[in-house]
Each structure stands twice: as C-alpha cells, then as structure tokens.
Amino acid sequence: MQHLFLIDGSGFIFRAYHALPPLTRSDGTPTNAVSGFTSMLMKLVEDNTADHIAVIFDAGRRTFRNDLYPEYKAHRPPAPEDLIPQFPLVRQAVQALNVACVEMEGFEADDLIATYARQAREKGMKVTIVSSDKDLMQLVADDVELWDAMKNKAINRDAVIEKFGVPPEKVVDVQALAGDSADNVPGVPGIGVKTAAQLIEEYGDLDTLLARAGEIKQPKRRQTLLDNAEAARISRQLVTLRDDVPDVQPLETFTKALPEIGTLTAFLEEMEFRRLLATVKGRHQAAVSEPMQATTSRDATQAMTAGGSRSDQTHTPAAPADTAYELVQDIDTLRRWVEAAHTAGVIAIDTETTGLDPMTAALVGISLATGPGQACYIPLRHVAPQDQGDLLGGAPEAPPQIPMTDVADLLRPLLTDRSVLKVGHNIKYDLHILAREGLAVTPLDDTMVMSYVLDGASHGHGMDELAKLHFDHDTITFETVCGKGKSQITFDRVPLDKALAYAAEDADITLRLHHYLKARLFNERMLTVYETLDRPMVGLLFDMEEAGIRADAAALLALSEDFAARMTDLEAEIRTLAGEEFNIASPKQLGEILFDRMGLKGGKKSAKTGAWSTDAEVLETLAAEGHALPARVLDWRALQKLKSTYTDALIKQINPRTGRVHTSFAQTITTTGRLSSSDPNLQNIPIRTEEGRKIRRAFVAAPGHVLISADYSQVELRLVAHVADIAALKQAFHDGQDIHAITAAQVFGVPVEGMDPMLRRRAKAINFGIIYGISAFGLARQLGISNGEAKGFIDAYFAKFPEIKAYMERTKAEARDNGYVLTPLGRKCFIPEIQGKNPAMRAFAERAAINAPIQGGAADIIKKAMAALPDALRAAGLSARMLLQVHDELVFEAPETEATATAVLVKQVMEQAATLSVPLIAETGIAASWAEAH
DNA sequence: GATCTCACG
DNA sequence: GACGTACGTGAGATCA
C-alpha cells in the first residue's frame, strides 16, 4: 500500500522555534527554528517508510476565509522578530533535503493538506499528517492519521473522540459551536467544547441542532443559540477545511527521493549547522567507501542513493555501479550507439574542438550519452599525441578513426529525428561546430539554460560548477587534459584514452543534469518560463550568430585613419598645454598632472585606491570652468574609445569566410533575464554622438537587401505603469500622450501646452530614476541639482503617483522574503545581497530589486516576440533574417522587395507579444545601414 | 587580475 | 542616522 506523508510546515516551524534557545549564524542571522526544523525533517525523512512526502506551508496571511469573515485570525500577533528571516531559510531546508514543498496563495496549509489527503485516499493510499493541530483532526479516518512528531505518537479516531467528545466527522460541528479564540472563530458565546459535544451528541449535527434550538430546556442556552445561529454557521464554514483546492501540484511529484549530497552539505555549511553536517558527511563517506574506478563510477551520490527508494521526477538518475565509456573507432560500434540513441529517446551530445571561438574552432570529436553512465566518444580528427615520438624511428601516426563523412551520414538522421531529444550544455556552441560539418540538430534542450532559468545569476552555469553543486562530483578539467599556458595543447593532440574519459564524462553529466533540472523546472513552477521564453532562444540565437551582420571594412578603416589623424593633432596640443610628455591614456598620470602639478580644484579621489578621478564628469566640470587641457583630453578620449573599441576591433572581427561580423549572444549571464553580447559586443555600438553614429553607418545590408530596425517605445516605463499599477500613467499610455510631459505637468503643476523644455527634461530624468530605484543623490547628480531639490521632486512624484511607493515597498519585501523577485511573466531575478548586513550593499540590492521586474519584464517580452517571429515570417512567406537584439530593439535583414511587408509584420508581432494593462508600441525603420534604419 | 573609463539599453 | 549611491551589460588600456 502506498503511503503519503504530509508535513504541516508552519506547525513545524513554530514548534522548532519555541523548543530551541536563540541561535544565530556568524553573520547574525537567527537560525534556531531552521536548525530545529531541519533536524526534525531529516529525521522524519529517514525514519518513515512513506513513498510520497511533502511539506505544506501557508502562503500568506490572507485566505478565502478573510472574505467570509474579516476578523478571522485577525488578533494573531505577528511572528516574532527573529523568526521572520527564518521562513525563507526553512523553505531552503526543504529543498536541500529534496522534499517537495507546496504552498498556495489564498489557501491555508490545512486546506492543501485536506485536498491531498482526499486525493490520496481516492487512490487507495494511506496518509499520515505530521501535525498535532486540532484543526486537522476533522481529517482523521481509518486510512488517515495525525502524527505528533514531538511526542512521537499517533492521533487516531479514539484520540480525537477524547479531545472533542465526538468522532472526526463531527469535529467541525463542535468547533462551530465552541469557537476558537486563537483563530478568532466566534462560535456561540458561553458554549465550550464540552457543551458543544453534548449538544451534537444529542441532536446529531449542527443543522439539526439549530433547527430545533427552540426545544432546548435551559432558557439562557436556548436564547443564545437562537441569537447566534448565523455565527455558528459562519464558524463552521471557517473551520471546515477545503479538500477541493483547484490546480494543485500533482501528488505524483511528491515521490520520495533522497537528498543530493552536494546541495545538502552546501546548505548545512551556509547555515553553519556543524553537527548535522558531520552526521551527513559521515554517512556519505560510509556509503561511498567502495573505491571509484577511473572512468566508470562517476558520481559519489549514486552510492548513497542507490539503496533508497527513488523518484524519477525529483532526482538525478542512479547510474549503474559499473558504467562504461566506450571509444568508437569503427562503423559497427557507431551503428550500435545510434540505435541505442533511438531507443533512449533522450540523448546528450557534446563536441570537442580546437578552440573556443564557435565560428572558427574545428571539430575534433563527438561524444554521446544514452543513459546514466552510458556514453561514448567518437574521435574524428585526432592526430598523433605530442609525446608519441620516434622511439622506433617511425613517423608518429594518427589513431584509427572513422572518416568524418561516414560519421556525418550515420548521425544526420539521428540529429534531426523529431522523436529523439538532443541535450547539450551550452549547445549553441556545438550547433555552430556541427553546422560547419553540414549537420543540423533538432529538437534541443540546453542544461545551461535550464539551470539559468532556475537559479539565475545566483551561481555560474558551467558544467564543472553544476556537477560539483548538484552531484558533488569533480569533473575532469580541461586543464588536466590539455594543460595550460604556453604548453597547452589542442584537443586533437590528446591521447584517445584521456579524450574518452573527458569527453564521455561531459555527455554523461549533461544527461544527468537534464534529468535533474527538468524535474526541478516542473517542481519549482519554472517550466513555462523555460519553454516559452528561454528554450526558443537557443536555436534562434544560433541562427542570428550564424547569420552575422555585414560590416563595411573600407568605411571602418577610413574612420580609423580619420580618428588617428585627429588624435595626433590633439596629442600635440595636449602636451603643449601640459608642458610635458605623458601617457594621455593613463588616468593616473593625467590626474597627477591636473591636480598635483597644475593644482586645479574640484578633484576627487577614489575611495579604493586614493587615485584622482579623471572621468568625463570631472573633466567636463573643469572644461566648463574654462580649462583647455581637460577639454582636449575629453575630445581625445572620445576618439580613442571609438577607434580602439570599435573601428579597429570591428575590422579584426569581420569573418573572412562570410565578410560579416558574428557576435556571440550569452543567455545565462544577467541577473534580469536580458541577453548579453560579446566578441564583439554588438549591443553597445555608438549612437549618441554624431562621430559614433558614423560607426553604426558601417553596419549595412547585403546587396539587394535592407536592414530593418524595430524597437519598443518606452517599454520599461510601460512596465512600470503595469507592474506598479499606476492609474495616471496607464491612462497616459492608453491616450498615446508624451509621457515625460505628462509627468512634468503632474510633478511641477504646469500645463502640458507650452511647457518649458527644462521641466520636461527633469521629468524624464525622474522617470528614468524610477526605473532604477530612485534616490535623491542619484537624481541630484544626474540633473546637477542639490540633494534637497531632488528630494522635493521625488516627494512630488510620489504624491502624484502614490502607487509607485507601494510597488517599491512590496518589491523590497518580496526580495527580502524570497531572495528573489518575479517579473510579470514569472522569471526569478535573484537579489542575494538583500539580506546583507551592510546598509550600503542592502540599499544597492533594494534598488536592483525594484529595477529587476521592470528590466526583466521587458527582456521577457522581447524574448516572446523573438520566439514568435520566425514562424510568423515563414507563414507570411517572408525571408527576412533576424540579426541582432539590443534589449528593446531587433534588427533584421530583408530583401528590398519585402522590406515594407516585413516591417509591418514585425511591428505587429512585437506589439502583440504580451498583453499588459498598457499598450505596447514598436517603431520600425528601413534603410541600407543600421544608423539610418534605427 | 584589478581598476578605471566609457560605449549601449 | 549611518551606509555611499541611480539599473543592467562588455571591452580596452594601464598598472601592479
């Protein structure tokens, strides 16, 4: 018989809190409740024989019961000060122990427990509810018991009768009459449990009793019952648990799984629970005492977990004790692996190459994993290992390998088979490598992206790091295989035995990560974010990178030369003004000349190194005072920046094979869900100055084509209006008004007509400030006004748009409670420093928390648009290619003849990407160059 | 490798 | 009232 354990999390927390003396971590965080909770839960998980287990929490104070009776639980004192920070930590404990964790807004934990108990009974399961809360006693039945974890005793039917004087099914009637002062359930005055039980015993149930109340002999009791019949009925509604909570996480996901040693020890270490840590580590050591084989037993946790009952849903697969990695050097062996891959349906794939640049590195070998511990490596272009010498006088020979064309022919059907999912870790890289071998891959999953969706920027997402974190497994590093520094060799020179161990492990770990992360995406409600936003990006970004954008090398070179000539002139002038030779590019030397030697005032020293600051703000101030040297340096710096970072660098980045620039988009870097671009970064091509815009003019369309730029208008401000629910701003966006002018009119109390441009500029700065988590200091600096004046503006803004203040406060609270905030589409943005002790760091984190849902929400929306566009273009018969994404802008290349149709379609898809409480607007431009299209 | 500066949204 | 500041990135040059 299957057995479900449901743990009343809140009850557990309070018991742990009151049972243990105050206890704090070295950073001052109180941990007594977490400690007690963790050890109770560990013990519970170990000792019981249940095959399903879950901890149920209350999600918030407000539930549907407050709608029935506003006073419900209204007199509850707030949780003790030192308990509040422990709530999120307790949830972490549950996760670290790999136990399912459920809560739902609007319902109490008790309702969820009732719902799951009913579902389990219907499936013929036995249920144990770990709690001694009397409110749960109504659920007791033959196959449902309560378990008091402190007293270690079961509460069965008899125990309920002892407590309430009636059997479980009549408990609610008794509670309805007796009321409950703790929960502020009114009941009927003057009637306690004893009397209530007597009455129910006599009349059968509450409805009968109320109907026949007139028959009661005692006049006073008769009158109160008649007077308070309605109170009794409401009370019964309050105490009756809902066993039909809709859309709950499926029972199947509660399958019991043993914890992962890495996650668990990391948590215990963070909490500084030394005793528990020692216990866990000791047990783990004992379990893995059997020696590991070099290339077989991969994972320390498998030994620990192999004996327990396990879940496919919530845990990594147990690798067989003797895993085998196989080198594939003949066609028959390869056929066997391809067949195994078809049977498996999900495989991991990894490529080994000669370098890191996806556009130039050459394929050396391919590894595949078809199951835990089952992986192979197919060497393709290995040469003789470096140390294989001419000991016998013969020439070094390459090892036997299957010809690439044969491998490609055998793999091609597998890689495009729609019934076989190909999993990679950063598979976008492998797609580039394989594409140059004429191989396409679909369908795809990417464990690096999955990890990012779950944990954001809270940790890195490299495979080595994830293997350590989730499996406590040390992977073979690239360095041990290829060395480092000058003596580093390329992978094609690695001996095959070492190459096998390294490459097969990568595929093996990737497949195991996939299993683990897939379950987490489901359990942690992040599957939709992954599937609708991030997973579609993988193949799309690959296409964009592969497409590249055409850059006019001759134009860039001409610019470089122009900049160089002007810099030479400026250099002479600067040296004359300074009266000495010095390195203009050295802030240190410049600072010393300006402030030490020339004795200019208004310098500021950096806090860290004590060096003079010479940034643009400082130099501009000096220039405005009439100093020529800083003014010339500013000009020189602008040219130096454009030349070194852009013109010179971009010329080098043009791929000789394609004549285009191929950036690399990173999908797993930012804290907010934005993409980033590097090698080269095409998301920061100049536009703000005329000189800079000349560089943008060098990005052009192929002959017969045009570039189309489409960018969202004011997305972030629209998101502010949406997430903070600011009525006045929403109205302004609906009316299509000038949002900065409206803001100025409100804040400064002037009419929009004939507005002073200065006021609009100030309002614009305030609006930006709002997006960034405004501070008086920041606004003052931006506008060059006093702190006090800036404070006045902010106060005026808050007075006119009071919703913004509420948004800021609830967002900060959300970050504090959870360690992350959610974007409107459900992405988690982690804000770890929000719990920090340093007030400056915390303030920083608070501003980041305020900004994240806005910046992240915008990132989510453009991802949705991007995901929808390829199909929309195809359906419209348009052949445009998406080339770039710059946060709120998309750049396409289209045949001239399709330009207008493409622009119209792109605009439409972008504007329909999400439904917010404000309209989304996209603006498009068509031209031969990016500068003119934008 | 850290620091400073500056390009973008 | 103290913290020391607008949010998010990547790249090049200098300097230790």
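Chain naming here is simple, since letters A, B, ... match the order of the sequence lines and numbering starts at 1 in each.
Spacing of P atoms, C:dC3 relative to B:dA7, comes out at 33 Å, to the nearest Å. For B:dT5 and C:dA2, the P atoms lie 28 Å apart once the distance is rounded to whole Å. Nucleotides C:dT5 and B:dT3 have their P atoms positioned 13 Å apart, rounded to a whole Å. B:dC4 and C:dA6 have their P atoms separated by 13 Å, with the value rounded to a whole Å.
Checked against C:dA6, C:dA11, C:dT9, the side chain of A:Arg847 finds its nearest nucleotide in C:dA6. Here the nucleotide nearest the side chain of A:Lys641, chosen from C:dG8, B:dT3, B:dA7, is B:dA7. In the set C:dT9, C:dT14, B:dC6, B:dC6 carries the atom at the smallest distance from any side-chain atom of A:Asp615. The nucleotide whose nearest atom lies closest to any side-chain atom of A:Pro839 is, among B:dG9, B:dC6, C:dC3, C:dC3. Side-chain proximity of A:Ala848 to B:dC6, C:dG12, C:dC7: nearest is C:dC7. When each of B:dC8, C:dA6, B:dC4 is scored by its nearest atom to the side-chain atoms of A:Pro686, the top-ranked nucleotide is B:dC8. The side chain of A:Ala649 approaches C:dG12 more closely than any other nucleotide in the set C:dG12, C:dA13, C:dC7. Among the nucleotides C:dC7, C:dT5, B:dC4, the one closest to the side chain of A:Gln855 is C:dC7. Set against C:dT14, B:dG9, B:dC8, the side chain of A:His887 has B:dG9 as its closest nucleotide. The side chain of A:Ala840 lies closest to C:dG4 when the candidates are C:dT9, C:dA11, C:dG4.
A residue-by-residue look at A:Ser586 and A:Asp679 shows that A:Asp679 has its nearest nucleotide of DNA chain C further toward the 5' end.
A donor and an acceptor atom sit less than 3.5 Å apart, one in the side chain of A:Ser775 and one in the base of C:dT5.
Close to B:dC8, at under 4.0 Å from its OP1 or OP2, lies no side-chain N or O of A:Ser676. OP1 or OP2 of B:dG9 lies within a sub-4.0 Å distance of a side-chain N or O belonging to A:Arg688. The shortest distance between the side-chain N/O atoms of A:Arg674 and the OP1/OP2 oxygens of C:dT9 is not below 4.0 Å. Phosphate proximity of B:dT5 to A:Thr614: present, with a side-chain N or O under 4.0 Å from OP1 or OP2. Applying the 4.0 Å criterion to OP1 and OP2 of C:dA16, one finds that A:Lys588 has a side-chain N or O inside that range. Note on A:Arg637: a side-chain N or O is less than 4.0 Å away from OP1 or OP2 of B:dC6. In terms of phosphate contacts, A:Gln589 brings a side-chain nitrogen or oxygen within less than 4.0 Å of OP1 or OP2 of C:dC15.
Within 4.0 Å (heavy atoms only), A:Leu779 reaches at least one base atom of the nucleic acid. Using a 4.0 Å heavy-atom distance criterion, A:Phe777 is classed as a base contact. Looking at heavy-atom distances under 4.0 Å, A:Ile854 makes no contact with the nucleic acid at all. Looking at heavy-atom distances under 4.0 Å, A:Asn684 makes contact with a base. Residue-level contact check: A:Ala616 touches the backbone only, with heavy atoms under 4.0 Å from sugar-phosphate atoms and none from bases.
Between the side chain of A:His740 and the backbone N or O of A:Ala763 there is no donor-acceptor pair closer than 3.5 Å. Checked by atom type and distance alone, the side chain of A:Thr29 never pairs as donor or acceptor with a backbone atom of A:Arg25 at under 3.5 Å. Side chain of A:Arg660 to main chain of A:Ala547: a donor-acceptor pair is present (N/O by atom type, distance under 3.5 Å, no hydrogens or angles).
Atom P of nucleotide B:dC6 and atom CD1 of A:Ile685 are separated by 18 Å, given to the nearest angstrom. For A:Arg693 and B:dC8, the CZ to P distance is 9 Å, given to the nearest whole Å. Rounded to whole Å, the distance from CD on A:Gln640 to C1' on C:dT14 is 11 Å. The interatomic distance linking A:Leu884 (CG) with B:dG9 (C1') rounds to 14 Å, in whole Å.
Remark: the A:Thr670 side chain and the A:Tyr452 side chain contain an N/O donor-acceptor pair separated by less than 3.5 Å. Side chains of A:Ser678 and A:Ser664: a donor-acceptor N/O pair is absent below 3.5 angstrom, by distance only. Side-chain contact, A:Ser929 with A:Arg693: no donor N or O sits under 3.5 Å from an acceptor N or O.
A:Phe801 has its ring centre less than 6.0 Å from the ring centre of A:Tyr797.
When Watson-Crick and G-U wobble pairs are counted only if both distances are under 3.5 Å, C:dC3 pairs with no nucleotide at all. Remark: C:dT14 base-pairs with B:dA2. Criterion, Watson-Crick or G-U wobble with two distances under 3.5 Å.
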